Participant: 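Encoded as structure tokens, here's the structure I'll be asking about.
Below, chains carry the letters A, B, ... as their sequence lines are ordered, and counting in each starts from 1. Keep in mind it's a predicted model, so treat the numbers as computed, not measured.
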Amino acid sequence: MMEKYINHRLKEKNILLMTHIVMGYPSFEASFKIVESMVTAGVDLMELQIPFSEPIADGPVILGANQKALENGATVQRCLQFARQVVASFDIPFLFMSYYNIPYKFGIPAFVDTMATIGLKGAIVPDLPPEEGREFLTEMERSALAPILIFSPNTSIERLRYLAGFARGFVYCVARKGVTGMDTDFSRRLDEYLARCRSATSLPLALGFGVKSAEDVRFLTGKAEIAVIGTATIQLVQERGVAAVAEYISALR
Amino acid sequence: MMEKYINHRLKEKNILLMTHIVMGYPSFEASFKIVESMVTAGVDLMELQIPFSEPIADGPVILGANQKALENGATVQRCLQFARQVVASFDIPFLFMSYYNIPYKFGIPAFVDTMATIGLKGAIVPDLPPEEGREFLTEMERSALAPILIFSPNTSIERLRYLAGFARGFVYCVARKGVTGMDTDFSRRLDEYLARCRSATSLPLALGFGVKSAEDVRFLTGKAEIAVIGTATIQLVQERGVAAVAEYISALR
Amino acid sequence: MDDRGYHNGFGGAFLPEILVATFDQLDAVFRQARNDPEFWQTYENIMASYSCRPTPLTFAENLTRHFGGARIYIKREDLNHTGAHKANNVMGQGLLVRRMGKTRVIAETGAGQHGVATATMAARFGFRCTIYMGEVDVHRQRPNVFWMQRLGADVVPVRDGTRILKDAINEAFRDWVSNMDTTHYVLGTACGPHPFPEMVTYFQSIIGKEARQQVMRAENRLPDRVYACVGGGSNAMGIFSGFADEATELVGVEAAGRGLDSGQHASRLCAADASVGVAQGYKTFFLQDQDGQMKETHSIAAGLDYVGVSPILAGFKETGKARFEAVTDDEVVEAASLTIRKEGLIPALESAHAFAQAFKEAPALSRDAIILINQSGRGDKDIFTIADAFDDPGWKEFIIEKAGQYGRERSPAS
Amino acid sequence: MDDRGYHNGFGGAFLPEILVATFDQLDAVFRQARNDPEFWQTYENIMASYSCRPTPLTFAENLTRHFGGARIYIKREDLNHTGAHKANNVMGQGLLVRRMGKTRVIAETGAGQHGVATATMAARFGFRCTIYMGEVDVHRQRPNVFWMQRLGADVVPVRDGTRILKDAINEAFRDWVSNMDTTHYVLGTACGPHPFPEMVTYFQSIIGKEARQQVMRAENRLPDRVYACVGGGSNAMGIFSGFADEATELVGVEAAGRGLDSGQHASRLCAADASVGVAQGYKTFFLQDQDGQMKETHSIAAGLDYVGVSPILAGFKETGKARFEAVTDDEVVEAASLTIRKEGLIPALESAHAFAQAFKEAPALSRDAIILINQSGRGDKDIFTIADAFDDPGWKEFIIEKAGQYGRERSPAS
Ligand SMILES: Cc1ncc(COP(=O)(O)O)c(C=O)c1O
Ligand SMILES: Cc1ncc(COP(=O)(O)O)c(C=O)c1O
């Protein structure tokens, strides 16, 4: 389903953009406006992060957004409600992003059912390798939702293939070691890495971690199907407010 | 010599009084006045203490006087000069009292010679048992000065006899355990102790540590030849000044 | 990594993909070492010549008499170099780091105890060292920060999250995902993703091995009960390892803080507000809310102030292989005070939890019963906390005076 | 008492008559114990089960490499219970107190180390305990005062004299002359009237006995030089006891403070301003003026800040059986700092004197030379002093903050 959407869109655009927000940061109202701006500015897919108190794979910016959202009362229920509203309002695929404890505490089957009911298209759970995710993967499959698996630069080719076996929709390729929000060196080595990813899967590739400028997006065009902008927009909102988002996104591509 | 003096005086008095000062406390001028008052009030013998930084057998009052005197510049030379002046001015026997390090650093023969030259009659060195005092005792003997030995309530009868063998002039019987300046219980047990002391020596007995009132002196009369007043006068000077000394001493006997 | 370290459903390795290869390597090296009979010998030698293993077993004659019940023995981990059982774990991991050819270590620390131990190990092995410590803890545990710095470690105050131990762990993971090629993360307790719980337990099992032999030598039989405090669970797993027999009851003692109902405690195995979850890479009981967000914890003992607990102990809880209890801050201070006065031993406040529970039970046991308490560390490192717990006026005066002196140095004009 | 403990003219027992009988008793009990083969065994057992003897010998691989000269070994007295070699002496004397049937102990303390050790021993043996401590030291060493009080000891601040260690010794003697029937004075070092120097040396000789065996086991030969710091001289006598052979050079290291010419030091065996005298009951080198009045001393290490020195070491000085050196405060801080960073060992500032001198000599020695340093204690007890020596701003801030907190508690209105 999502794969089809991606390929379809790629007929009109050289590269798709996926953006990321932390639901409830800086507030749910603002979150809604950000989504609205992004969709209007032409974003193709979006990650909606359910904030978690221990976001182990996120850097300081997203980490701070998680905390702030929680302090402001971003419960899981409130996030689900927000997602419902967003999915109903905008016509692009939305994915959940969160750490495993959130669906785990909710109850995996119930969580996946809720996602399906709301109309989300998939989920990224960065601390859930397939070895630990049997139940989650089964439920996702049953509901025809895409579990987005993650490739990393130091994943062996055998393991890339192993992961690919569980992936649906697209694969999220982490550009480098480290957490979100640090600079990435867009260079020949990235080409080699993406080629390796490509050899392991026929799914579209999304590349994230450190993508933030039109130049970065240009570099990726023709190499990945999706450029993921995460930390950059949160930083933008912090520095220049929600109003700056639309212009920023439009200028990326 | 001193023994003769004591026995001679005892023909006129029931009990003799020995008092004690720390040279240079509160000042050398005051020390001189105190000696003068005491002699005038009828004191029979006096201890002149050369202050020492570590007066291990003295209680807080005499300890404090030692320190104060040292702070005020009471060097050994100054003390010798003071002693010379006092011996020349007053016609009773004066004894040095100090800890062993003072004569030791001065040089034992020179120290004893100086004592003899000045006209002192003996010395009390509370941290010098005869086992350690061979040289000192020899020098004192040579100069016909009296080393005053100390008996204590827990000295065995054998040792009392051993100590008596080195004693000259009189023996200083410490009334009880502890340091100078604490209360003593003048009771039957003291009688027994003095009887034990008496059995070990034919020398006159001086009793010290805690003697401070006419009542105490009365108790000792007929039991000891000499009552030693130490801490009491220093306390008196501290509380009521040098002028109070004469009256206090006169009232003791 | 085939065996993912599950213990009755607890454990696992919930890792970001970027760390999977690093854990595969760690797991392999650990297995290799464990199967190499010389490795344990090397480990024992280093602990004997650098720390003072075997640590003694002390018969607490006065406490035994005082309670009039069971014979009380104390395993003296307080005598270890750096003052706690933490030394066992760090030196062991140091040997693995050397095997892996890495040159840098990182660690989280709460009380500062594990940070000092790691910085010490790094100095001795010649590794570079970074210690992550919640900003709140940096302030609370300044003496340990001072020592870590003297030992050459870079101490990084963590200003994110609740700025305590769990946040320091997250931050250490963030460093690790960037620097895994050169760097090993020396986790401080029997928690975290597999193989950490097993690996830390393996090194700490030296406590139980020795203690078993020592009790057998002294009494010619096994103890009836063994008490250990439970923070992450490493000292408990260490001593329990020696007494897997049915005959000995294992008692883990958690921090009930201001009471299990107060919301201010750190009990994950005895409290109603704990439940199973997945965080920091493993599945266990966490103190968390209904959404799965971690709660703030409280204990008078900084080293017990943690939201998770060893998955192996969580397994023991489920199977009944160990019994878990919790004691309050007040009970702990009283137990520490009694132990100091009666035996001249100063248990760390963490360890004093084990003492407090043992003291509750000892009087009711018969005079031939034997109990063993693990004194995981020494308390003199805790003077700021203990002095506060005793509300000591002399201490406060001293600090105020000292501060005055420092203040005057700073502003020589005033 | 026939043998009066003279060592080349130093020693003796210059006692007030009231104490003679007490010393006769002590001397007799000590002789008896010494001639009883079971006594040493009992002593070793208690030190093995209550402290962690034998303490290890650590090869300082990194320091050895750093200096490129002699192989450096470190005897780890820092791992003793209560953190220093002082434990050996107090536990030994505790056994004698029990033999004498006394029920109370008193002690002097400067750094607080010996006071804590004695209070610990008293707690363990069930004796009442009073510790005399100069008022200046009570303020400087508050943490130790706190622990002594927790251990049940009565800490009496001595307000007489210079209000430091020597005054505390005088005060302890004053207590003793009043209470000798029930009370034993646990002198803390190899000083004082006979038989104290010999008795303390006897108990501390456990260090040298062990170290000799350990070096022999490691190197199959004796060390070329043995270094120990010299305060009163007990740790030095302890380790030197194991190496009386001609083959090993014994090096005692005193505190040169701000320099031997500064008038602010505590060197009695290397400084021109020391001379032979008699005080505190024995004859030795004292820092005294021409009249024989004791001088003020200075050392960065409170435990070395004493006017006298063991008469046995004074004898060694005269016969050349040992060599004596002195190192300055600055050299000591540098040596401590290097040892912490290179080996992860935190020597007490006292012990760091021995390290400093060894470091001066090690580079010039050949690579097969062996030197042994006695780490008499651990430095984490000294954090207030060490932090000051390093002039650590973070530490000062922490203290100022803490003081602010205590200040607010005191005046809740403000
Ligand atoms: C002395 C001591 N005991 C116990 C603990 C708790 O850790 P664990 O449960 O891993 O033994 C700590 C942690 O810092 C500690 O310092
Ligand atoms: C650790 C340590 N080393 C050395 C000394 C000095 O004493 P001694 O010369 O008797 O060993 C002290 C005294 O407090 C001490 O605490």
Participant: Please round to the nearest 0.5 Å and tell me the distance separating atom CZ of Phe173(C) and atom CD of Glu54(A).
Facilitator: 11.5 Å
Participant: Which pair of non-hydrogen atoms, one from Arg4(C) and one from Pro129(A), has the smallest distance, and what is that distance?
Facilitator: NH2-CG, 3.9 Å
Participant: Below 4.5 Å, heavy-atom pairs only: which of Asp167(C), Thr162(C), Val276(C), Ile169(C) has the largest tally toward chain A?
Facilitator: Val276(C)
Participant: Does some side-chain heavy atom of Gln293(C) sit less than 4.5 Å from a side-chain heavy atom of Ile102(A)?
Facilitator: yes
Participant: Which region of Ile50(A), side chain (C-beta onward) or backbone (N, CA, C, O), has a non-hydrogen atom less than 4.5 Å from a non-hydrogen atom of chain C, or is it both or neither?
Facilitator: neither
Participant: State whether the side chain of Asn101(A) and the backbone N or O of Gly292(C) hold a donor-acceptor pair below 3.5 Å, judged by distance alone.
Facilitator: yes
Participant: Check whether Asp58(A) gets within reach of chain C through its side chain, its backbone, both or neither, counting any heavy atom under 4.5 Å.
Facilitator: backbone
Participant: Could you state the interatomic distance from CG (Asp291(C)) to SG (Cys79(A)), rounded to the nearest 0.5 Å?
Facilitator: 8.0 Å
Participant: Is it the case that over 12 heavy atoms from other parts of the model lie below 6.0 angstrom from the CD atom of Glu296(C)?
Facilitator: no
Participant: Is the number of heavy atoms from other residues, nucleotides or ligands within 6.0 Å of CZ (Arg134(A)) greater than 12?
Facilitator: no
Participant: For chain A, which of Glu171(C), Gln288(C), Gln290(C) has the most heavy-atom pairs under 4.5 Å?
Facilitator: Gln288(C)
Participant: Check whether any side-chain N or O of Asp160(C) sits under 3.5 Å from a backbone N or O of Gly64(A) as a donor-acceptor pair, and report yes or no.
Facilitator: no
Participant: Side chain, backbone, both or neither: which part of Leu149(A) has an atom under 4.5 Å from a heavy atom of chain C?
Facilitator: neither
Participant: Crowded around Lys68(A) NZ? As in, over 12 foreign heavy atoms under 6.0 Å?
Facilitator: no
Participant: If you apply the rule side chain to side chain donor-acceptor pair (under 3.5 Å), what do you find for Tyr282(C) with Glu132(A), and how did you get there?
Facilitator: CA-CA 10 Å; Tyr282(C) 67 113; Glu132(A) 303 288 359; over 6 Å; no
Participant: Does Phe151(A) offer a backbone N or O that forms a donor-acceptor pair with the side chain of Glu17(C) under 3.5 Å?
Facilitator: no
Participant: Looking only at heavy atoms, which two atoms of Gly178(A) and Ser178(C) are closest? And how far apart?
Facilitator: CA-OG, 3.2 Å
Participant: Calculate, to the nearest 0.5 Å, the distance between atoms CG and CZ belonging to Asp24(C) and Arg159(A) respectively.
Facilitator: 7.0 Å
Participant: Got more than 12 heavy atoms from elsewhere within 6.0 Å of CZ, Arg189(A)?
Facilitator: no
Participant: For Asp181(C), which atoms come within 4.5 Å of any heavy atom of chain A: side chain, backbone, both, or neither?
Facilitator: side chain
Participant: Identify the two heavy atoms, one from Ala21(C) and one from Asn154(A), that lie closest to each other, and give their separation to 0.1 Å.
Facilitator: CB-O, 3.7 Å
Participant: Surrounding CG of Asn8(C) (heavy atoms of other residues, nucleotides or ligands, distance under 6.0 Å), is the total greater than 12?
Facilitator: yes
Participant: Would you mind checking which part of Phe106(A) comes under 4.5 Å of any heavy atom in chain C, side chain (CB onward), backbone (N, CA, C, O), both or neither?
Facilitator: neither
Participant: Is there a side-chain contact between Pro55(A) and Arg174(C), using heavy atoms and a 4.5 Å cut-off?
Facilitator: yes
Participant: Tell me, side chain or backbone of Ile56(A) under 4.5 Å from chain C's heavy atoms, or both, or neither?
Facilitator: both
Participant: Rounded to the nearest 0.5 Å, how far does CG of Asp127(A) lie from CG of Leu19(C)?
Facilitator: 11.5 Å
